[in-house]
Amino acid sequence: MNKENQSGVSEFVLLGLCHSWNIQVLLFVTFFMLYLTIISGNTVIVILIITDPHLHSPMYFLLANLSFVDMWLSSVTTPKMITDFLRENKTISFGGCMCQILFAHFIAASEMVLLVIMAYDRYVAICKPLYYSTIMSLQKCIGLVVTSWATGFVHAMSEMVVIVQLPFCGPREIDSFFCDIPLVIKLTCMDSYNLDILMNIDSGMVAVTCFILLLISYTYILLTVCQSSKTGASKALSTCTAHISVVVLFFGPCIFIYVWPVTITWVDKFLAVFYSVITPLLNPAIYTLRNQKMKNAMKRCRSYYMDSKVNTLNA
């Protein structure tokens with residue numbers, strides 16, 4: 001990190017979500033339970049897809065990667081937020097703040113690209129079913145996932161190269177529970193208006209580009225579904241509805257934060273919480289509760305566990 005910056009400001013103060021001690025205790029319990037649910041729910045999905053042969057297909061391979069990314073997305077800011085609920089002084093070091101920004105944008109951009117890849121997978125499966133096994137081979141899927149991570153890394157680093165060089169020498173209070181680019185830029189000792197616009201364009205371009213690609217993919221899918229048989233159309237529509245729900249939940253807050261920045265503090269905080277906690281929580285629920293194969297895999301896993309337990313007791 002830039003030593004000159006660190007000599008000016010060694011840490012930032014996070015103002016958090018609220019100032020009432022009783023409410024903070026309630027939020028601690030609430031978000032601690034939500035975080036445990038996020039980690040356990042997404043871990044179950046990853047384990048099921050790895051261990052169940054019935055789920056060894058491109059769609060579930062990508063779903064396992066989405067769950068893995070969701071765990072990391074939530075883990076960038078949520079543990080710090082949870083522990084800060086019980087602290088009077090909510091501070092974060094300069095290096096810690098920069099790391100939050102780096103990993104938040106790295107993982108978020110990777111997830112955006114991954115959602116586009118999942119839409120492409122459904123497009124090929126529904127619109128080009130005869131070529132599906134050829135187009136979406138294991139090697140192709142691995143290559144696409146690596147591309148999503150590489151895109152996220154390049155996007156995050158392009159912003160970090162600028163952020164770490166900024167002069168921080170004055171105010172150090174961040175009116176949120178984590179460090180994000182628009183909030184940190186406001187604390188620089190310079191006119192940050194143009195830089196703020198530039199950073200929003202950088203982040204917004206990734207979000208809007210991915211969102212447009214998703215709209216194109218699902219438009220083609222829905223048009224194809226309308227021309228298909230009722231049985232196939234119903235199954236395809238059910239799968240796409242789950243995907244579209246995740247897309248709306250994920251991209252909605254991102255677009256409001258970076259493409260159409262709001263200036264109301266409580267709205268900013270709500271969107272940040274929704275983005276980092278609620279979306280990773282809802283993703284496993286949407287994909288498991290609406291997916292019959294995932295339900296069957298969970299039943300098989302439960303039956304296997306019960307049978308193993310019975311055999312152990314009989315032995």
- Taking every heavy atom of K186 against every heavy atom of P182, the minimum-distance pair comes out as CG-O, 3.3 Å

- Task: Report, as yes or no, whether the 6.0 Å neighbourhood of atom CZ on F211 holds more than 12 heavy atoms from other residues, nucleotides or ligands.
- Result: no

- Query: Is atom CZ of F153 surrounded by more than 12 heavy atoms (other residues, nucleotides or ligands) closer than 6.0 Å?
  - Reply: no

- Separation of L281 CG from F274 CZ (nearest 0.5 Å): 10.0 Å

- Message: Salt bridge or not between K269 and D175? Use side-chain N to carboxylate O under 4.0 Å.
- Response: yes

- Query: So F28 and F32, would you call those rings parallel, tilted or perpendicular, with 30° and 60° as cut-offs?
  - Reply: parallel

- Note on the structure: Interatomic distance, OG@S67 vs CG@L62, rounded to 0.5 Å, equals 11.0 Å

- Message: Has D52 got a side-chain atom pairing as donor or acceptor with L48's backbone, closer than 3.5 angstrom?
- Response: no

- Under 30°, 30 to 60°, or over 60°: which ring-plane class applies to F85 and F31, parallel, tilted or perpendicular? parallel

- Message: With a sphere of 6.0 Å drawn around CH2 of W72, does it hold more than 12 non-hydrogen atoms of other residues, nucleotides or ligands?
- Response: no

- Message: Is it the case that over 12 heavy atoms from other parts of the model lie below 6.0 angstrom from the NZ atom of K140?
- Response: yes

- Note on the structure: d(C141 SG, M118 CE) to nearest 0.5 Å is 11.0 Å

- Run the side chain to side chain donor-acceptor pair (under 3.5 Å) check on Q100 and T77 step by step: do they pass? CA-CA 7 Å; Q100 275 197 343; T77 59; over 6 Å; no

- Task: Verify, without hydrogens or angle tests, whether H56 (side chain) and I50 (backbone) share a donor-acceptor contact under 3.5 angstrom.
- Result: yes

- Task: Apply the side chain to side chain contact (heavy atoms under 4.5 Å, CB included) test between H105 and each candidate in D202, V76, I181, V206; give the one that qualifies.
- Result: I181

- Query: Looking at OG of S276 and OH of Y35, how far apart are the two atoms once the value is rounded to the nearest 0.5 Å?
  - Reply: 11.0 Å

- Task: Give a yes or no on whether the backbone of M33 and the side-chain of T37 come within a donor-acceptor separation of less than 3.5 Å.
- Result: yes

- Checking S148 side chain against V145 main chain: does a donor-acceptor pair fall under 3.5 Å? yes

- Quick one: CG on L114 to CZ on F250, what's the gap to the nearest 0.5 Å? 9.5 Å

- Distance in Å, L166 CG paired with C189 SG, rounded so as to fall on 0.5 Å steps: 10.0 Å

